[in-house]
Amino acid sequence: MKEKIQSEFKNHFGGEGILYASAGRINLIGEHTDYNGGYVFPGAIDKVIMAAIRPNDTEKVRVFSIDINDYAEFGLNEEDAPKQQWARYIFGICRETIKRSGIVKGFDAVFAGNVPLGAGLSSSAALESCFAFALNDLFNGNTIDKFELARIGQSTEHNYCGVNCGIMDQFASVFGKKGNLMRLDCRSMEFEYFPFNPQGYKLVLVDSVVKHELVDSPYNKRRQSCERVAKRLDVETLRDATKEALDAAKSDISAEDYFRAKFVIEEKERVLDVCDALNRGDYETVGRLMYETHQGLSKDYEVSCEELDFLNDIAKECGVTGSRIMGGGFGGCTINLVADDKYDHFIAEAKKRFKEKYGHEPKIYDVVISDGARKVTE
Ligand code: GLA
């Protein structure tokens, strides 16, 4: 990938750029909890967006996307927003950096990636974090702290891309560390690294290849439901709500909002239970809680789809320890915790039966927990 990016950089702009990369993410458990002030448990993966970047001594950004095979050019003022959606991510990063009194000058860039798009692995957070990290390094002497880099990415989603997302994806992409998951408390923003190397098990993603598009999606509606219930319960976020309080208010809220909030309240506890189980090396409990999350996401939060429910059923039938839809939902992947001796059978069955039913095989990605945003030196 490095060679290809540098060679395209040379074609478009001459010479070489400095290479930066940032990663997609998985999340073991804690879905739709981030914007509710709850816990999440993500890690960065070995799939990245990589960019070659070089300041160009102008006030213009010129950028070429290898994967989309498209070029964009824009200035750094609010009215200069590019038309292409992909370029708006980069424009947003520039603008959000400037809004925080960071320095951004013109630059040339070429980028590419191997984070599958729309699979729920946060290719957009990888793109945002890669550029946020690079602008911090190139123009700001790395004085912007890492949480702010994550927030720059999140605000880009809110203000330039129409997704009212939480902080999990950008946090994971910026803070990711090889071999470690991270438990983040999205209320206090305190986090802990958790070395993750389950003996005798693998984490594997099964990608339904059903496209997931969060822009203008029911994602924002889920968030609104949660905020309505929090307001009704008189708490800042659902992090501070209890099942008892929710039940007591049941007659005042719509059935839909009730089930959304119920899922979030249960899910925040599951993250803590998974951490305890991991500390004991109790993977059976971890797996059972993953199935519970799937059930909640499918029935109460309603962000699953037929294909993902089907993959979850296959996992159960194959004796997979834990399986659930991962990320925002509406398509994408399941994440599966599989005992080594069940792995081959599960993958073969998932491919075969999914193809019989939907006409194509799912894609399989073994999870390798890796580093997040960085300068690529070697
Ligand atoms: C998307 C959002 C995240 C988070 C997840 C669901 O990935 O970007 O902030 O809400 O969905 O857990």
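Atoms within each ligand, like the ligands themselves, are counted from 1 in listed order. One-based numbering along the sequence shown. Heavy-atom basis, side chains included; hydrogens, waters and symmetry copies ignored. It should be emphasised that the depicted structure is a prediction, and the values quoted were computed from it without experimental measurement.
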Asker: For ligand 1, which atoms have a heavy atom of Arg25 less than 4.0 angstrom away?
Answerer: 7 (O)
Asker: Do Gly327 and ligand 1 have an N or O pair less than 3.5 Å apart?
Answerer: no
Asker: For Thr33, is at least one N or O under 3.5 Å away from an N or O on ligand 1?
Answerer: no
Asker: Do Lys60 and Phe74 meet the cation-pi criteria used here (NZ or CZ under 6.0 Å from the six-membered ring centre, within 45° of the axis)?
Answerer: no
Asker: Give the single entry among Phe330, Tyr219, Phe171 that approaches atom 10 (O) of ligand 1 most closely by any heavy atom.
Answerer: Tyr219
Asker: Quick one: which ligand 1 atoms are inside 4.0 Å of a heavy atom on Gly166?
Answerer: 9 (O)
Asker: Is there a donor-acceptor pair closer than 3.5 Å between any side-chain N or O of Asp80 and the backbone N or O of Leu76?
Answerer: yes
Asker: Once salt bridge (charged side-chain N to carboxylate O under 4.0 Å, His left out) is applied, do any residues pair with Asp282, and if so which ones, sequence neighbours excluded?
Answerer: Arg280
Asker: Examine Tyr301 together with His32 and report whether their ring centres are nearer than 6.0 Å.
Answerer: yes
Asker: What atoms in ligand 1 come closer than 4.0 Å to a heavy atom of Asp34?
Answerer: 3 (C), 4 (C), 9 (O), 10 (O)
Asker: Using the side chain to side chain donor-acceptor pair (under 3.5 Å) criterion, which residues pair with Asp371? Sequence neighbours excluded.
Answerer: none
Asker: Out of Tyr89, Tyr20, Phe64, Trp86, which residue meets the ring-ring contact (aromatic ring centres under 6.0 Å, His included) rule with Phe111?
Answerer: Trp86
Asker: Within this structure, what is the CD-CD1 distance for the pair Gln85 and Ile68, rounded to the nearest 0.5 Å?
Answerer: 9.5 Å
Asker: Just which atoms of ligand 1 are under 4.0 Å from any heavy atom in Met168?
Answerer: 4 (C), 5 (C), 12 (O)
Asker: Can you find an N or O of His32 that's nearer than 3.5 Å to an N or O of ligand 1?
Answerer: yes
Asker: Test your reading of the structure: does Tyr35 have an N or O sitting under 3.5 Å from an N or O of ligand 1?
Answerer: no
